[in-house]
Participant: 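My questions will all concern the structure given below.
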Amino acid sequence: MEEVKEELVEKKYILKTPKAPDVFILANIIGKIGVNKFTTCLKDDEVQNLIKDVAKKKSISNEDISMVAGIGVFTSIAQIVLEGMPKCEEDVYKLLSNTSNLSLDEVKDLDGVTFVEMIIDFFKSNMDFIKAASKLVK
């Protein structure tokens, strides 16, 4: 058998907890992209299908359903942000800089893969913050 080696890759950034000024930046991003796109994430067919798949298991925990729904939601939100980047590019750079150990210029200089991973990591770890900020935008 071939042994699979796991490679630990150190991330170029460390995410921090968003602060009060970051609410305004995120609300601006959501407003530019369109709050309706964010609210449809929870109704997304893919998320609903993932939940149904988990429900077919003999025993399900609330954690199972939350994990599946969370994965679908944060992936959808990250996709929405990436698609809407031209409308809010500077806001995204600023938000990621404010909530990490990187300067604005360092965020802008990230390679593409790391930048996308950072966006996804931000959304994975800040779903409550994102939900709260989206309530500010109509």
Side-chain angles (χ1 to χ4, degrees):
M1 271 191 243
E2 191 175 309
E3 188 177 321
V4 177
K5 293 181 181 179
E6 287 189 38
E7 187 178 322
L8 293 176
V9 178
E10 190 174 319
K11 297 198 180 216
K12 298 176 183 178
Y13 56 88
I14 298 168
L15 292 177
K16 301 182 285 187
T17 302
K19 303 291 183 198
D22 302 319
V23 172
F24 300 102
I25 299 168
L26 185 58
N28 198 32
I29 292 169
I30 293 169
K32 287 178 181 177
I33 293 173
V35 73
N36 59 328
K37 289 187 179 183
F38 286 90
T39 56
T40 58
C41 289
L42 291 172
K43 298 174 187 168
D44 185 89
D45 288 340
E46 187 175 325
V47 173
Q48 295 303 316
N49 288 337
L50 286 170
I51 292 170
K52 287 176 188 172
D53 287 346
V54 168
K56 290 178 186 174
K57 289 172 55 175
K58 287 184 180 179
S59 92
I60 328 166
S61 70
N62 287 338
E63 285 179 15
D64 289 336
I65 293 175
S66 294
M67 188 232 7
V68 168
I71 289 169
V73 170
F74 89 74
T75 302
S76 296
I77 289 174
Q79 180 180 349
I80 288 167
V81 169
L82 289 170
E83 289 171 357
M85 281 280 295
K87 296 177 187 174
C88 55
E89 181 177 353
E90 290 300 318
D91 292 320
V92 172
Y93 292 144
K94 187 171 182 181
L95 181 64
L96 292 177
S97 175
N98 285 1
T99 58
S100 74
N101 61 320
L102 303 179
S103 70
L104 191 63
D105 288 336
E106 289 172 321
V107 171
K108 288 180 178 182
D109 196 43
L110 288 172
D111 63 86
V113 171
T114 303
F115 180 67
V116 171
E117 287 175 351
M118 188 175 186
I119 291 171
I120 291 169
D121 286 346
F122 174 84
F123 284 102
K124 270 200 252 183
S125 61
N126 292 295
M127 287 304 294
D128 290 338
F129 171 68
I130 294 159
K131 288 176 190 176
S134 66
K135 291 177 185 176
L136 296 174
V137 183
K138 295 280 179 187

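Just so you know, residue 1 is the first one in the sequence shown, and it goes up from there.
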Participant: How many angstroms lie between atom CD of Glu83 and atom CD1 of Ile33, to the nearest 0.5 angstrom?
Facilitator: 9.0 Å
Participant: Which side-chain N or O atoms in residues 105-112 pair as donor and acceptor under 3.5 Å with protein atoms at least two apart or in another chain?
Facilitator:
unit_1, atom_1, unit_2, atom_2, d
Glu106, OE1, Ser103, N, 2.7
Glu106, OE1, Ser103, OG, 3.3
Lys108, NZ, Glu90, OE1, 3.1
Asp111, OD1, Val113, N, 3.2
Asp111, OD1, Thr114, N, 2.9
Asp111, OD1, Thr114, OG1, 3.0
Asp111, OD2, Lys12, NZ, 2.8
Asp111, OD2, Thr114, OG1, 2.8

Participant: Rounded to the nearest 0.5 Å, how far apart are CD1 of Ile119 and NZ of Lys124?
Facilitator: 13.5 Å
Participant: Please list all pairs meeting ring pair (Phe, Tyr, Trp, His ring centres under 6.0 Å) that have one or both residues in residues 76-120, counting only residues at least two apart or in different chains.
Facilitator: Tyr93-Phe115
Participant: Kindly give the heavy-atom pair with the smallest separation between Cys88 and Ile29, and that separation in Å.
Facilitator: SG-CG2, 3.8 Å
Participant: Compare every heavy atom of Pro18 with every heavy atom of Thr99, then report the nearest pair and how far apart it is.
Facilitator: CG2-CA, 3.9 Å
Participant: Please determine which of Thr17, Leu15, Ile120 meets the side-chain contact (heavy atoms from CB on, under 4.5 Å) test together with Ser125.
Facilitator: Leu15
Participant: According to a hydrophobic-cluster definition based on side-chain heavy atoms being under 4.5 Å apart (Ile, Leu, Val, Met, Phe, Trp, Tyr only), do Phe24 and Leu26 belong together?
Facilitator: no
Participant: Quick one: CG on Asn98 to CG on Leu104, what's the gap to the nearest 0.5 Å?
Facilitator: 8.5 Å
Participant: Strictly by salt bridge (Lys or Arg N to Asp or Glu O under 4.0 Å), give each pair with a member in residues 15-34 just once, sequence neighbours left out.
Facilitator: Lys32-Asp91
Participant: Please report the shortest heavy-atom distance between Asn101 and Tyr13, naming the atom on each side.
Facilitator: OD1-CA, 3.2 Å
Participant: Would a 4.5 Å heavy-atom cut-off, applied to side chains only, mark Leu102 and Leu96 as touching?
Facilitator: no
